[in-house]
Amino acid sequence: MSIRVYLVGSYLALVLLMTMALWVMGYQVTTRLSETGQQNAEQGARRTIAATSQIAEKVLSVYGEQIVTMKVEGVARGLALRLKGRDLSDYAGLRQDDTLRRTATQSISTPEGEVGHLSLYDSKGEIIYHRLQRVEGKNVLDWQTEAKEMHELIQRSFKEERVSGYFEFKDGQGRRRTRFSARTHVAGTPFIAAAAVNLDDFFEPAQERIRAACREVLARSQENIRRNHEGTRRRLTLVGLGMGAVMALAGVG
C-alpha cells in the first residue's frame, strides 16, 4: 500500500469518526433539549391546573354560598305567605299539603345536576318537611348525630334569625365530605327553613374542565416539541453528512 493511499484512507476514517461524533453529540443535545422542554411544559401545565383549580374553588364557593343563601331566604318568604292564617300546630295537616311540601323541600341544582335540597323544622327541632319523609316527625338534633358542626348551626338557628356555615358528613360510600348550610326563620311562624348543599359539586365540574383543557394544551405542546426535535435531528444529520462529504472530497483532492 502506497503512502498516498494510506494517508487518504486514514483521513477518510478520521473524517468519518468526526462526523459520527458530531452527529452523536448533536443528537444527545437535541434529545436533552426536547426532554427538558417536555418536562417544563408538563410542570407548567400542573402549576396552571393547581392555580386555576384553586381560583375556581374560591370563586365558585362564594358563588354557591350566595345562591344557597338567596334560595333559602326566598323559600322562607314564600312559606310565610302560604302559611299565613293556617293552623301552625297541626303538623299532620300541614304535611298533607303537597304544595307546601314541594315548596319546603325544593332541590338546589346546577347544570350538572342536583347538589342539595331544602327542609323545614320548628323552633324545637322537630322536622316538619324533608325529602326523606321517613325522618319527618323526628328531631333534627337526633339525626346524623356525628355531624357536630351541623348541630351547632341548628342550635344557633333557634336563637338567630339567619345562620350559615360548613359541616362535615359521611356520604353513602363512607367518604368524608363538606356541606354548606344556610338557615333562616319563616316570618310569623315557629318554623326554620334550611338548605344544605355539597358545595364541591359547584366547583368540581369547573375544575375538571380546567384539567381537561390543560391536558389538551399539554398534549399539543408535547407534540410540537416532538416534531421540532425530529426536524432538528434530520437537519443535524443532513448538515453532518454534508460537512463529512465536503471534508472527504477535500481530503481526497
Do V72 and L118 pass the side-chain contact (heavy atoms from CB on, under 4.5 Å) test, and can you show the C-alpha distance, the side-chain angles, and the key distance before you say yes or no? CA-CA 7 Å; V72 73; L118 283 88; 4.2 Å; yes
Using the side-chain contact (heavy atoms from CB on, under 4.5 Å) rule, take Y129 and T103 through it: C-alpha gap first, then chi angles, then the decisive distance, then the call. CA-CA 10 Å; Y129 294 111; T103 302; over 6 Å; no
So that I can tick it off, tell me whether [Y] and [X] are bridged by a salt bridge, with the cut-off set at under 4.0 angstrom between side-chain N and carboxylate O.
{"X": "D97", "Y": "R86", "result": "yes"}
{"X": "R95", "Y": "E126", "result": "yes"}
{"X": "E136", "Y": "R101", "result": "yes"}
{"X": "R162", "Y": "E73", "result": "yes"}

Is there a side-chain contact between T99 and R82 (heavy atoms, below 4.5 Å)?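 Side-chain contact under 4.5 Å: yes.
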Are D122 and Y91 packed together at the side-chain level, in the sense that at least one heavy-atom pair is separated by less than 4.5 angstrom?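 They are in side-chain contact.
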Specify the closest pair of heavy atoms between [X] and [Y], including all atoms of both residues, with the distance to one decimal.
{"X": "K124", "Y": "F158", "answer": "C-CZ, 4.0 Å"}
{"X": "V135", "Y": "I127", "answer": "O-CD1, 3.6 Å"}
{"X": "A195", "Y": "V68", "answer": "CB-CG1, 3.8 Å"}
{"X": "L88", "Y": "F191", "answer": "O-CZ, 3.7 Å"}
{"X": "S157", "Y": "I192", "answer": "O-CD1, 3.5 Å"}

Do L94 and V75 belong together in a cluster built from hydrophobic side chains that touch within less than 4.5 Å?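 Yes.
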side-chain contact (heavy atoms from CB on, under 4.5 Å) assessment of I154 paired with R183: CA-CA 8 Å; I154 295 171; R183 300 162 190 267; 3.7 Å; yes
Apply the side chain to side chain contact (heavy atoms under 4.5 Å, CB included) test between L79 and each candidate in I128, V186, T189; give the one that qualifies.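 Per the side chain to side chain contact (heavy atoms under 4.5 Å, CB included) rule, the option paired with L79 is V186, out of I128, V186, T189.
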Start with the C-alpha distance between Y121 and L141, add both sets of side-chain angles, then the distance that settles side-chain contact (heavy atoms from CB on, under 4.5 Å), and finish with yes or no. CA-CA 11 Å; Y121 58 92; L141 291 171; over 6 Å; no
Got a donor-acceptor contact below 3.5 angstrom from the H130 side chain to the L132 backbone?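 The answer is yes, because a donor-acceptor pair under 3.5 Å joins these two groups.
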